[in-house]
Amino acid sequence: MKVHPYFLSGTFLVGFCTIYSLAGVGKIQAQEATNVVPPEPGNAISNSPGQTSDSRFQSPSPDTPQPPGINAANIPDGPPAAPSEPTPAVSQAVDHVEPGDWVAYGHDATGQKYSPLKQITTENVTRLQKAFVYHTGSLPRPGQQNKWAAETTPIKVGDGLYMCSAMNDMMKLDPATGKELWRYQAGVKYESIPYTAACKGVVYYTSSTIPQGQPCHNRILEGTLDMRLIEVDADSGKLCDGFGYHGQVNLMKGMGYSVPGYVSVTSPPPIVNGAIIANHEVLDGQRRWAPSGVIRGYDAETGRFLWAWDVKKPNNHGEPLEGQYYSRGTPNSWSIMTGDNELGQVYIPMGSAAADYYSAMRSPEENAVSTSIVALDVKTGTPRWVFQTVHKDVWDYDIGSQPIMIDLRQGDHTVPAIFIPGKRGQNFIVDRRTGKPLSRVVERPVPTDTDVPGDERSPTQPYSPDVPAFEVTRDLKETDMWGMSPIDQLYCRLKFRQAHYEGEFTPPQIHKPYIEYPGYDGGSDWGSIAYDSTTGILVGNWNNTPMYDQVITRKKANELGLMAVDNPNYRPDPSASEGNGPQADTPVGISVSPFLNKYTGMMCNAPPYGMLTAVDMHSRKVLWQVPFGSARANGPWGLATHLPLTIGVPLNGGPIITAGGLIFVASTTDNLIHAYNLKTGKEIWNDVLPGGGQATPMTYEYNGNQYVAIMAGGHHFMQTPVSDDLVVYALPH
């Protein structure tokens, strides 16, 4: 999921059978700001108290000289920009791919998370045992607040299992024993952690210019929390000297003012036809003129800058001149992108412009691409098409899921398609050549009544009625309110009555709280889905949780002491209320929280809160749908019930599918890894992990044996145990 100042966690017990609990945790932490952020040129900011400015901090003139970005570990900008196209890629991005390898975050370039391995089957999966446990060494140190959530999926190529730690150290392991063969220490500092220390994965690349057998013919690439691209030799772990500045590229060039932890790379940057595509997250809820969400391309061989896609400067694909910078506050992409070598484009899952819950100051260019999939030409950075899933998003429905490439059967032929899961639970399918829908998309009227001054809502929103949605129910009712006792239920019913609610897309309100359902973590998030192209079965695990929000005036935000992380007066306050965002440079702040019973910490809506669904993409029908996750490690007031009752719990991470007829998935707050029968939806195996399994597993073959690996790093804001353990399973030899 995206970085937020809170998250849902816990699970539940009903009466003597199932008690459910949900709790929000975590506080935004950041290094004290040493620089400030200028307003966007051409957009005047009122200085009237209680209006658009923070009365304790005035942004400097837009003409203020811009210092170099400060996040990128003090490395120079690297080689000069190259006007030419990227070095042509080899026909196959990885040397000697074996059928049992897992060569990319989503198994391969498609992102389908499907493996043809079938040594482990529905008949023998119960015999799985731990083959080894590897410790990354990345954990909070004494005195450091726990901000860890590794979210790592390793890759396996040839004789190496490659991965990154939560703090961006890279390693090569022996796939059979877990012995560390090399480690590259990235040197990322604690101050550079945004809301979460996470590295979802690394990228393997085979050079088209360096001969086989020479250093850096095969390379491992990562993006870092402190905004670097780093390439090392796959065999030795040593920096590739010919890449960037002695192996590193500074991603803060052209970004302007920032502070450590404000912008970070947490997802693996794909390499498409020789071009590295770099995106980054921008910390939510801070200010309208946050650092840019620019997408950039770099030559995979040399690290040379190739192009930029700056939303507000669509015809300028170069780097900013001295004293200039990329457009501030533009929509950013923080999750996993998908590269299409055949069509020469990359599919970008986009968020909204800065100040997620206020849209009145957004430009038409920003509104056109927010919460969309954008297909960029990897040679030029020019958009080829845009498909939008939410219009004028003020619900934080940014696309967290990796878009999945599938070949969709349409009558007697197949069409190259993109499957787009979303936080709303709506799933869309478009032609990846054109972006045109391959199933009906209907614009339905939605509520528009808001009392937020000047912030008009879109009268319609897109729906995909012919593709099964990930949803339990579309609208909440007062009778849906729930509790472990009649008093608890009464409290939640009163809370429901006190809120403004008109169904999905209820507009933000100032005069009273409003309910957002699905919540911003509803539907499918960064774990995305898995797809078996041999059967046409698609599997997704997803959340069913509402939020309880309220827009607050600038005066109220000031009274609460809300400040952006780059404000010179900002101080982290672990005791501060969670879910409050300053949204500086706008007239309003925001308060966002799970819809909870404040006494027990339980959700006010009835369970299940986590689901697992299988869809037949040939018939477009749901094959089965089951609650996902047990109450064993959860309970009211944060107490574990130790009851193995499957009731459906909040989750974070994705599934994989194997040819052995299995779904492997962790992600739940019960600290288990699970195996499900793909055909029936029956859980047939699980094992207790040493930490929370908030990551996507993978599987690989080595020396004739199939292994299943899961990073059990836990998640600070899901309140699951944090560890540094990569756990790998295999059948007894």
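These figures come from a predicted structure and were not determined experimentally. All values below come from the heavy atoms of this structure, side chains included, with hydrogens, waters and symmetry mates left out.
Listed for the R632 side chain is a donor-acceptor partner under 3.5 Å among the backbone atoms of D670. Side-chain atoms of Q706 do not come within 3.5 Å of backbone N or O of E701 as any donor-acceptor pair. Using modelled atom types, one side-chain atom of Q112 and one backbone atom of M405 make a donor-acceptor pair closer than 3.5 Å. Distance alone, capped at 3.5 Å, places no donor-acceptor pair between the R141 side chain and the Y190 backbone. A donor-acceptor pair is defined here as one N or O able to donate and one able to accept, closer than 3.5 Å; such a pair exists between the side chain of S723 and the backbone of A712. Distance alone, capped at 3.5 Å, places no donor-acceptor pair between the D725 side chain and the V727 backbone. Within the 3.5 Å criterion, the main-chain N or O of P194 finds a donor-acceptor partner in the side chain of K147. With hydrogens and angles disregarded, no donor-acceptor distance shorter than 3.5 Å links the side chain of Y676 to the backbone of L612. In this structure, the side chain of D108 engages the main chain of T110 through a donor-acceptor pair within 3.5 Å. Without hydrogens or angle criteria, Q402 side chain to S528 main chain gives no donor-acceptor distance under 3.5 Å.
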For side chain to side chain contact (heavy atoms under 4.5 Å, CB included), just list the numbers for I230 and M170, CA-CA rounded to whole Å, side-chain angles, deciding distance to a tenth of an Å, and then say yes or no.
-> CA-CA 10 Å; I230 302 175; M170 290 187 281; 3.9 Å; yes
Determine, stepwise, if the pair R127 / I120 fulfils side chain to side chain contact (heavy atoms under 4.5 Å, CB included).
-> CA-CA 9 Å; R127 298 173 55 208; I120 302 171; over 6 Å; no
Test side chain to side chain contact (heavy atoms under 4.5 Å, CB included) applied to K679 and I537, step by step | CA-CA 9 Å; K679 291 183 179 180; I537 297 177; 5.5 Å; no
With side chain to side chain donor-acceptor pair (under 3.5 Å) as the test, would you mind laying out the steps for S267 and N279 before giving the verdict?
-> CA-CA 8 Å; S267 296; N279 67 354; 5.5 Å; no
Could you walk me through whether T152 and L726 pass the side chain to side chain contact (heavy atoms under 4.5 Å, CB included) test, one step at a time?
-> CA-CA 9 Å; T152 310; L726 175 74; over 6 Å; no
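Using a 4.5 Å cut-off on side-chain heavy atoms (C-beta onward), L239 and Y184 make contact. Between T669 and H715 there is no side-chain heavy-atom pair separated by less than 4.5 Å. Residues T122 and K682 have side chains not in contact (no heavy-atom distance under 4.5 Å, counting atoms from C-beta outward). For the pair Q248 and V232, the minimum side-chain heavy-atom distance is 4.5 Å or more. The closest side-chain heavy-atom distance from W148 to D724 is not below 4.5 Å. Counting heavy atoms from C-beta on, the side chains of V649 and S630 never come closer than 4.5 Å. Between I399 and S335 the shortest side-chain heavy-atom distance does not fall below 4.5 Å. Between L731 and L128, the closest side-chain pair of non-hydrogen atoms falls below 4.5 Å.
Between I271 and A300, the shortest heavy-atom distance links the atoms CG2-CB, 3.9 Å. Of all the heavy atoms in G527 and K113, the pair that sits closest is O-CE, 3.8 Å. When all heavy atoms are compared, the tightest approach of Y205 to G274 is OH-CA, 4.4 Å. Here the closest heavy-atom approach between residue T696 and residue T153 is recorded as O-OG1, 2.6 Å. Nearest heavy-atom pair, P349 versus S333, reported as atom, atom and distance to 0.1 Å: O-OG, 2.8 Å. When every heavy atom of C216 is checked against every heavy atom of D233, the shortest pair comes out as N-OD1, 2.6 Å.
The stretch residues 124-188 participates, sequence neighbours left out, in these disulfide bond (SG atoms under 2.5 Å apart) pairs: C164-C199. Residues in residues 160-171 take part in these side-chain hydrogen bond (donor to acceptor under 3.5 Å, both in side chains) pairs, two or more places apart or across chains: N168-E222, D169-R183.
In this structure, L229 CG and F243 CZ are separated by 5.0 Å, a value rounded to the nearest 0.5 Å. From T720, atom OG1 reaches atom CG of N652 across 8.5 Å, with rounding to the nearest 0.5 Å. The line from OH of Y204 to CD1 of I220 is 6.0 Å long, rounded to the nearest 0.5 Å. For the atom pair CG (L161) and CE (M171), the distance works out to 11.0 Å, reported to the nearest 0.5 Å. From F664, atom CZ reaches atom CD1 of I673 across 7.0 Å, with rounding to the nearest 0.5 Å. Atom CE of residue M718 and atom CG of residue N671 lie 9.5 Å apart, to the nearest 0.5 angstrom.
Within 6.0 Å of atom CZ in R409, 12 or fewer heavy atoms from other residues, nucleotides or ligands are found, so the atom counts as exposed in its surroundings. At most 12 non-hydrogen atoms from other residues, nucleotides or ligands lie less than 6.0 angstrom from CD of E342.
With sequence neighbours left out, the ring pair (Phe, Tyr, Trp, His ring centres under 6.0 Å) criterion links Y105 to no other residue. By the ring pair (Phe, Tyr, Trp, His ring centres under 6.0 Å) test, W182 is found to be paired with no residue, residues two or more places apart in sequence or in another chain being considered. Considering only residues two or more places apart in sequence or on other chains, H280 meets the ring pair (Phe, Tyr, Trp, His ring centres under 6.0 Å) condition with none of them. For Q119, there are no side chain to side chain donor-acceptor pair (under 3.5 Å) partners, not counting sequence neighbours.
Counted by atom type alone, T658 and T699 present zero donor-acceptor pairs between their side chains at under 3.5 Å.
For the side-chain contact (heavy atoms from CB on, under 4.5 Å) test with V467, the passing option among V615, I429, L538 is I429; the others fail. Under the side-chain hydrogen bond (donor to acceptor under 3.5 Å, both in side chains) test applied with H674, the options N541, T646, T668 reduce to a single match, T668. Y707 pairs in a ring-ring contact (aromatic ring centres under 6.0 Å, His included) with only one of the listed residues (Y700, Y702, Y134), which is Y700.
Aromatic ring orientation, H107 versus W102: perpendicular (interplanar angle above 60°, classes split at 30° and 60°).
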